[in-house]
Amino acid sequence: MPMSKKETQMPNIIKNRDWSALFAMDENDNFSRTLEQMLWSFVTNRADGNFDISNLNHTQKVLFLVLELENATQADALPNFFEDFAIYGCEAVQALEEVGASQCAAALNAVVDTLPNGIYPKGDKEFWNSIMSGKDSNIWDKADSVLVDYTDGWFPDLCRTYAEIHRDMVQAG
């Protein structure tokens, strides 16, 4: 199926960091996908295998983390988010709160509470097994379900509203 005119414009908006064109987009899902890709250009790899999002300002981090949570849960499962962003669990909870997804934040907070010191232990097979079938699996399953079901509303809509309110900070950098 050929790409629509809007979809063919998205790579140019991303490449040029054309914030005006981004905010002129009328479909929130396209807006969110494009914004996410623009924000990825500020993200770097750390030596420990995690992504470093310190080049994003607070507003950009909020949007980025919410969009990455959505990607992980809609495409596969919540543990995938933590495989890439092991150290950002607490920040992701706060990000969900800020965009107005309080039920999702509460569910994710319960997951973060299962993590040693709030940090996902990447590569720990025993921990992985415990979240897949152990004592904490129900907490992870519930959070995954709450996020997948968009309990607080569709994330592209929540992110668009948040981005519009904080437009100056979104396009900083």
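Numbering starts at 1 and runs along the sequence shown.
Considering every non-hydrogen atom in both Thr59 and His166, the closest pair reads CG2-CB, 3.5 Å. Here the closest heavy-atom approach between residue Arg33 and residue Met10 is recorded as NE-CE, 3.9 Å. Here the shortest heavy-atom pairing between Ala101 and Asp152 reads C-OD2, 3.1 Å. Contact between Asn28 and Pro156 at its shortest, heavy atoms only, is O-CB, 3.6 Å. Taking every heavy atom of both residues into account, Met38 and Ile14 meet most closely at CG-CA, 3.8 Å. When all heavy atoms of Ala143 and Val111 are compared, the closest pair comes out as CB-CG2, 3.4 Å.
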Decide side-chain contact (heavy atoms from CB on, under 4.5 Å) for Leu67 and Cys159; before the verdict, give the C-alpha distance in whole Å, the side-chain angles of both, and the deciding distance to 0.1 Å. CA-CA 8 Å; Leu67 293 170; Cys159 288; 3.9 Å; yes
Are Arg17 and Ser41 close enough, and set up right, to give a side-chain contact (heavy atoms from CB on, under 4.5 Å), and what steps lead you there? CA-CA 9 Å; Arg17 287 191 188 158; Ser41 69; 2.8 Å; yes
CA sep, side-chain torsions, deciding dist, call: Asn71, Glu36, side-chain contact (heavy atoms from CB on, under 4.5 Å): CA-CA 10 Å; Asn71 281 345; Glu36 177 192 9; 2.4 Å; yes
Is there a side-chain contact (heavy atoms from CB on, under 4.5 Å) between Phe81 and Tyr120? Walk through the geometry before answering. CA-CA 10 Å; Phe81 170 80; Tyr120 183 81; over 6 Å; no
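Taking CE of Met169 as the reference point, atom CG of Asn57 lies at 4.0 Å (rounded to 0.5 Å). Atoms CD and CG, on Glu68 and Leu63 in that order, are 11.5 Å from each other to the nearest 0.5 Å. Taking CZ of Phe155 as the start and CD of Glu70 as the end, the distance is 6.5 Å to the nearest 0.5 Å. For the atom pair CZ (Phe42) and CD1 (Ile53), the distance works out to 13.0 Å, reported to the nearest 0.5 Å. With rounding to the nearest 0.5 Å, the separation of CG in Leu78 from CD in Glu83 is 11.0 Å. Taken from CD1 in Ile131 to CZ in Phe82, the straight-line distance is 9.0 Å, to the nearest 0.5 Å.
Under the 4.5 Å side-chain heavy-atom criterion for grouping Ile, Leu, Val, Met, Phe, Trp and Tyr, Trp154 is connected to Val66 within one hydrophobic cluster. With hydrophobic clusters built from ILVMFWY side chains whose heavy atoms lie under 4.5 angstrom apart, Val146 does not share a cluster with Val99.
A donor-acceptor pair is defined here as one N or O able to donate and one able to accept, closer than 3.5 Å; no such pair exists between the side chain of Asp149 and the backbone of Thr151. A donor-acceptor contact shorter than 3.5 Å is absent between the side chain of Asp144 and the backbone of Thr73. Not a single donor-acceptor pair under 3.5 Å links the side chain of Asn16 to the backbone N or O of Asp18. Thr34 places a side-chain N or O within donor-acceptor distance of the main-chain N or O of Asn30, the cut-off being under 3.5 Å.
A ring-centre distance under 6.0 Å is found for Phe85 and Phe64.
Evaluation of the side chain to side chain contact (heavy atoms under 4.5 Å, CB included) rule for Asp52 yields Thr44, Arg46, Ser54, Tyr88 as partners, not counting sequence neighbours. With sequence neighbours excluded, no residue forms a ring pair (Phe, Tyr, Trp, His ring centres under 6.0 Å) with Trp128.
Tyr162 does not carry Arg167 over the face of its six-membered ring by the limits of under 6.0 Å from the centre and within 45° of the normal.
In summary, the side chains of Ser32 and Arg160 do not present any donor paired with an acceptor at a separation below 3.5 Å, with no hydrogens or angles considered. When only modelled atom types and interatomic distance are considered, Asn55 and Gln60 share no side-chain donor-acceptor pair under 3.5 Å.
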